[in-house]
Every structure is written in structure tokens, then in C-alpha cells.
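Notes follow the structure.
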Amino acid sequence: MKSFLLFILLITLSLPLHAQDIHPWEEDFNQWTTLDDSESGTWEELYETLCELEQQPININTATREQLEQLGFLSERQVEDICEYLYRYRQMQSLGELAMIPSIDFATRRLLTHFITIGPLPEQGWPSFNNIMKQGKHELFLDTRIPFYKRRGDDNGYLGGPVAHRFRYSFSHADNLRIGITGAQDAGEPFFGKHNPWGYDFYSFYVDVRHLGILEQLTVGRYRVTTGMGLVLNNQFGVGKLMSTNTAGTMGNILRPHASNYDGDYMQGAATTLRLAQRVELTAFASYRGIDATLAAHEDTITTIVTTGYHRTQTEMDKKNNTHETLVGTHLGIRTGGWRFGATFAYSHLDRTLQPDISQPYRRHYPSGDNFWNVSADYGYMAHHISITGETAMSKDGGIATVNSVNVQAAERLTLTLLHRYYAADYQALHAKAFSEGGRTQNEHGLYLGVRWNPSDHLLMQAYTDYAHFAEPRFIALHFSNTWDNMVQATVSHGVCSWTARYRLRYRQRDNTEKTALIGQWEQRGRLAFTIDGGWLKSTTQGDIAHSQFEKNSFGWMVSERLSAQVGRMVQLAASAGYFHTDDNDSRIYTMEPGLLYRYSFPSFEGEGLRMTFVARIDPTPRLTFIARVQSTNYFDRDHISSGLQQIDHSSMTDLQLQMRWKF
């Protein structure tokens with residue numbers, strides 16, 4: 001397999017091709033990601049949202065504020081300026097008009113063009129049933145992953161086979177109607193049989209109706225909701241630190257169908273947004289769903305809520321939907337002039353009492369009980385060169401959380417962001433996801449300063465510094481502790497070439513091995529990347545280094561090459577290869593790889609080895625797409641990979657992923 005991949009890579013290098021990525025915006029997207037964001041999985045939902053919008057781009061001439069906020073990388077100022085431009089000039093005639101909006105810099109404009117399109121203004125009223133059926137678009141998507149290795153659990157332990165697969169069907173008509181169903185099966189999960197008699201382990205379904213009189217949106221089935229800045233509700237993506245140099249940590253009020261195969265934090269029932277007046281919106285939702293939980297010994301209470309979505313073993317299967325949650329809530333939003341006000345209320349009931357094990361100090365303030373409620377007020381003000389936004393929330397026992405940011409356009413191409421957050425240790429919200437260092441909207445007090453400078457279309461500089469204090473113990477520290485995180489990144493582009501340099505310095509206090517005292521851990525990470533986007537080939541050469549100092553020194557590095565090209569009209573090729581060498585997990589390296597439709601590939605590597613991927617896409621017709629991806633990791637420093645049921649008794653692992661998309 002290694003020889004085959006190297007052969008394909010060399011052939012790709014020698015062809016006179018025209019560059020084309022499977023997702024041409026991935027390189028720009030990669031500039032936003034940092035290690036912590038990748039570890040927490042906050043980018044996966046945003047990545048999948050962008051994949052959907054790439055296939056069904058937003059008609060900029062009919063775009064609502066809420067649709068633009070779904071993009072995630074636009075600041076509140078940029079969203080407001082786009083809406084103002086459309087209000088003033090009625091509609092855009094070409095994407096080039098984005099350059100006439102001063103707040104949208106070149107890098108953001110280039111990324112934005114992949115997710116919007118220029119279309120006519122719609123006819124008044126909702127389309128007829130006949131027009132919906134005639135003009136509607138169907139899409140069927142199939143996906144599978146086949147491993148060329150055996151894990152220990154495949155022989156004894158896992159309930160299902162080693163092949164993962166899923167399907168997705170959707171029907172859409174313009175921006176008025178969307179209907180979809182998704183089925184997903186992870187490797188090791190049973191397909192049909194007594195454990196999953198309906199086939200797939202996970203299904204998601206939805207009907208989404210929009211722009212029907214005062215009914216802005218109605219979603220029935222499975223959906224996701226975000227309000228304010230995420231202190232009460234956010235079961236979509238999180239905003240990372242580097243992206244916050246542009247977005248100031250803002251979320252917006254977003255209601256989206258849950259089309260993903262992610263079996264984690266979503267809602268099931270119905271949600272609606274009503275436009276009560278020109279500047280007044282009301283969103284209401286009701287949800288009832290089964291959730292996975294770890295039961296206590298007597299099985300009357302639960303100790304933890306499980307969000308991995310895995311049901312591969314009997315133990316994992318016993319946790320599947322063994323607890324049910326009822327969740328209801330509402331959000332009222334009002335805009336007047338440059339001011340924005342909103343209020344959120346959410347109530348959640350579990351049919352089993354949540355009683356976490358508090359023998360560990362860091363779990364002392366984990367959510368407990370069977371009834372939870374949160375209220376919050378979100379607010380904002382926007383003037384010509386400044387925008388202020390924030391949210392303050394309270395939980396059932398009086399715990400307070402607040403996050404507030406100020407975004408100042410200090411000069412035409414210079415933006416400063418200041419963000420302060422305070423999350424009390426006793427603040428509890430089951431569905432919160434806000435800007436944080438610790439990964440939880442709890443037990444954190446921090447201050448963030450971000451700078452985004454775009455002196456020309458050829459240079460973009462971003463930097464931030466973020467200090468956080470934790471007054472109570474957390475998982476890695478049994479006493480109060482502090483962190484300090486800093487990053488600077490510069491991207492230079494000229495003609496077909498671009499260079500990116502990144503440096504990150506991070507300090508955090510952690511327990512020593514004996515857990516008797518706190519020790520400071522210093523971590524440094526750097527990246528240099530050079531991209532050539534020529535007429536026959538696009539290539540990115542990248543080098544990453546990592547150094548960690550905590551009781552001992554740990555050093556790691558990786559060099560990698562990514563290539564993409566198009567052969568004729570129907571075939572696209574992409575490949576990557578990288579050599580990595582790290583001392584241990586503290587110096588692990590993350591890097592982006594050529595991905596597939598709706599699949600985010602940002603793996604981490606430790607030890608010594610070689611990583612290779614090859615992707616081939618064939619479009620025999622504009623409506624039919626086939627994609628194959630081979631990925632292989634070969635370790636030079638071990639004779640087995642992973643541990644437990646996931647252990648592979650070999651030094652290498654290779655997977656084949658296949659996808660088909662049919663539009664009709």
C-alpha cells in the first residue's frame with residue numbers, strides 16, 4: 001500500500017494539470033484553526049455547515065441576517081454592513097461588489113465567495129406546490145469507510161462489523177423548503193439485529209419551512225439552536241480564539257436543521273421563529289429526546305451524560321437512550337437603531353436524577369439534579385467604528401455567567417477586539433458553549449485581546465493574547481490555577497504564491513505527577529507554510545514544530561506536502577504526505593489533510609512515522625460524483641497502535657473511504 005501511494009503521488013506531480021480542490025476554501029479555513037479548537041471538536045460542526053452551504057450557497061440578494069450569521073467567520077459589523085448595502089442598493093449584480101463594503105477585507109471576501117451566489121429577488125408569496133415539485137432539488141449521499149486492519153474488538157468485544165457507513169437524503173426548494181434524513185453507523189456498531197432493529201444506529205430527520213408570512217422559520221424533527229453568545233444555548237459550533245480576532249466571539253441567533261451524523265448535542269421536536277414586527281423576532285422550541293448516560297450502581301440516578309455517540313460494545317449499548325430529556329425555551333429579540341436586545345429562557349427536565357461523583361474536587365460544581373433552568377439577557381450596540389455585544393445569564397441556583405466584547409475599527413484596516421468573560425463555578429447550563437479556555441462555560445474568569453491588521457490585500461496579520469484564571473479545581477489542577485495563551489500569525493500573498501507563519505506561546509498551571517503541587521507548563525508551537533496556486537498544480541509545503549516543558553522537555557516536528565489538481569473535466573486529484581517525529585503526546589502535531597464531502601480531516605500525530613493520503617474525485621456528469629480516499633499511517637517506533645479494543649497489532653493502519661453524491 002505504501003508503494004502504491006508513493007507511485008500515485010509521483011504520477012500526480014508529473015501531470016500537466018489544472019489546480020482544483022475538493023473544497024477550494026479549505027486552505028483559508030485552515031488559517032482559522034488552532035490545536036485546542038481541533039481537540040474539542042468545535043470546528044466539525046462549522047466545517048459541515050460550510051460544506052452544506054457550499055453545495056447550496058446563500059443567495060446574497062435574499063440573505064437574512066440569520067443566514068449570514070450561520071457562516072461563523074463573519075463579524076457582526078460585516079453582517080450588518082452587508083444587510084445595509086442590500087437595503088440601500090436593493091441587490092448585487094456581481095460578487096465583485098463585496099469589495100465596496102469596507103469592513104470586508106480581502107481574505108474574508110475570498111472565503112465568502114465560496115458560500116454565496118448572485119440570484120434574482122424572489123417573487124412575492126410562497127411558491128405553489130407544483131412549482132416546489134418541479135423546481136425542487138434532490139440529493140442522495142452515500143459514504144463508507146473500510147479499514148484494512150483488524151482491531152481487537154472486531155474479534156471479541158464489538159457488537160458490529162468494522163465498516164462504517166452512512167447515507168443522507170435531502171430535498172430543497174430555493175430557501176423555502178428543506179426536507180432531509182440521515183442514517184449513520186460507526187465502525188463496531190451493529191446494523192439491524194436485536195440492538196438496532198431499524199438498521200442504522202443513528203438517524204436524523206427534519207422538515208424546514210421558511211418565509212411563510214410572519215413565520216420566518218419552522219423546523220420539525222431534529223435541529224440545533226444558538227442564542228446570544230452561547231451562555232444558555234449553543235449546540236452548534238464554537239468560535240475559536242484566532243477566529244475571534246474578527247468575530248469578537250459573537251454567535252448570533254441561529255436555528256438550523258440537524259443534518260449531521262453527530263449523535264451528540266441536538267434537539268428533537270419543533271422550533272419556530274416568528275417575525276412579530278419589522279424589528280422583533282420570537283423563537284420558541286420544544287424538544288424531547290433520549291440521551292446516553294452512565295447509570296449509578298442502583299440505576300435510579302445517572303453519574304454522567306455521554307455525548308460520544310458510540311454504541312459498539314454491550315456497555316455502550318446499555319447507555320443508549322437510557323435517559324430522556326425534555327427541553328423547552330424561547331428567545332425574544334428586538335433591534336432598534338444601532339441597539340439590539342434579547343432575552344432567553346430555557347428549562348430542561350431529566351427523567352433520572354443527575355448525581356455526578358463529586359469525590360474528585362474538580363467535579364464539585366458539575367450540574368446535578370433533574371430540573372435545570374437558565375435565563376439570560378443578550379445585548380449589543382453598533383456605531384460606525386465600534387460594536388459592543390454581550391450576554392449575562394443566571395442558572396437555577398443563582399450562578400452567574402457573563403461574556404462581553406468590544407470590537408473597534410481603530411483604522412481602515414486595523415481591528416481590535418477586547419473580550420471579557422466571567423463564568424462562576426456554580427453556574428450550570430447543560431447546553432451552553434461560549435468562548436472559553438477551559439472548554440466549559442463554568443469556573444473561568446478571563447480577558448482576551450485580539451488584533452487583526454490587513455494593511456494591504458497581500459498581507460494579513462492576526463494576533464491575540466488571552467489570560468484566564470480558574471478559582472476552583474479543574475481536571476488538570478487540584479487548586480486554583482492560571483493560563484496565558486498567545487498567538488501571532490501572518491499571511492502574505494503575491495500572485496500565485498502565499499506564505500503563512502504562525503507562532504503560539506502558551507502557559508498553564510498543572511498538577512505535578514504526585515498531585516501535590518502545581519507546576520507551570522510552557523508550550524511553544526510554530527508553523528511555516530508555502531503555497532503555490534498555479535495554472536497546472538496547487539501545492540502547499542508545510543513545517544510544524546512543537547516544544548513542551550513540563551517536568552521534562554518534549555519536542556516534536558513534522559514536514560508535509562499537500563497537492564491538488566484537476567485532470568480534464570471530470571477528474572480531480574489530491575494527495576498529501578508527511579513525516580512526523582515527536583517525543584510524546586505533549587509535543588503531538590496537528591495538520592490538515594485533503595478531505596471529503598462533509599468530512600473534516602485534521603488528525604494529530606505522535607511518535608515517529610509517515611502519513612499519506614490520496615483522494616480521487618470523478619464527476620462523470622454535473623449531477624453525479626464519486627470520491628475515493630486512501631489514508632495510511634506507518635509508525636517506525638512501535639509494533640502496535642492504540643490500546644484496549646481499539647488496539648491494532650501492527651505498526652501501520654490503512655483505510656479506504658468511498659463517497660457517492662447524486663443530484664436529481
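- Each of T330, T227, L231, N253 was checked for a side chain to side chain contact (heavy atoms under 4.5 Å, CB included) with T344, and the lone residue meeting it is T227.
- Applying the ring-ring contact (aromatic ring centres under 6.0 Å, His included) definition to pairs two or more places apart or across chains, those involving residues 305-331 are Y288-H324.
- Salt bridge E139/R623: absent, no basic N to carboxylate O contact under 4.0 Å.
- Around atom CG of D155, more than 12 heavy atoms belonging to other residues, nucleotides or ligands sit under 6.0 Å away.
- Shown here are the ring pair (Phe, Tyr, Trp, His ring centres under 6.0 Å) partners of F129, two or more places apart in sequence or in another chain: there are none.
- Partners of Y266 according to the ring pair (Phe, Tyr, Trp, His ring centres under 6.0 Å) rule, which considers only residues two or more places apart in sequence or in another chain, are F202, H258.
- Judged purely by atom type and a 3.5 angstrom limit, Q631 has no side-chain atom pairing as donor or acceptor with the backbone of M612.
- Heavy-atom contacts from other residues, nucleotides or ligands closer than 6.0 Å to CH2 of W662 number 12 or fewer.
- R629 and Q657 share a donor-acceptor pair across their side chains, judged by distance under 3.5 Å alone.
- Partners of F171 according to the ring pair (Phe, Tyr, Trp, His ring centres under 6.0 Å) rule, which considers only residues two or more places apart in sequence or in another chain, are H138.
- Using modelled atom types, no side-chain atom of T353 and backbone atom of T301 make a donor-acceptor pair closer than 3.5 Å.
- Side-chain contact annotation: R256 with Y223, donor-acceptor N/O pair under 3.5 Å absent.
- Distance alone, capped at 3.5 Å, is enough to place a donor-acceptor pair between the N322 side chain and the A293 backbone.
- Using a 4.0 Å cut-off between a side-chain N of Lys or Arg and a carboxylate O of Asp or Glu, D292 and K320 do not qualify as a salt bridge.
- With sequence neighbours excluded, the residues satisfying salt bridge (Lys or Arg N to Asp or Glu O under 4.0 Å) with R210 are D208.
- Taking the ring pair (Phe, Tyr, Trp, His ring centres under 6.0 Å) definition, one finds that H211 meets it with nothing, sequence neighbours left out.
- Under the rule for a side chain to side chain donor-acceptor pair (under 3.5 Å), the partners of T283 that lie at least two apart in sequence or sit in another chain are T273.
- For residues 162-174, every residue pair satisfying the salt bridge (charged side-chain N to carboxylate O under 4.0 Å, His left out) rule, not counting sequence neighbours, is listed here: E48-R168, E52-R168, D143-R166.
- Considering only residues two or more places apart in sequence or on other chains, K137 meets the side chain to side chain donor-acceptor pair (under 3.5 Å) condition with none of them.
- Under the 4.0 Å criterion applied to side-chain N and carboxylate O atoms, R569 and D619 are not assigned as salt-bridge partners.
- Side chain of E391 to backbone of M229: a donor-acceptor contact under 3.5 angstrom is found.
- Taking H349 as the reference, N371 meet the side chain to side chain donor-acceptor pair (under 3.5 Å) condition, with sequence neighbours excluded.
- Note: Y200 and F167 meet the aromatic proximity criterion, with ring centroids under 6.0 Å apart.
- Not counting sequence neighbours, the partners of E216 by the salt bridge (Lys or Arg N to Asp or Glu O under 4.0 Å) test are R275.
- Taking D186 as the reference, nothing meets the side chain to side chain donor-acceptor pair (under 3.5 Å) condition, with sequence neighbours excluded.
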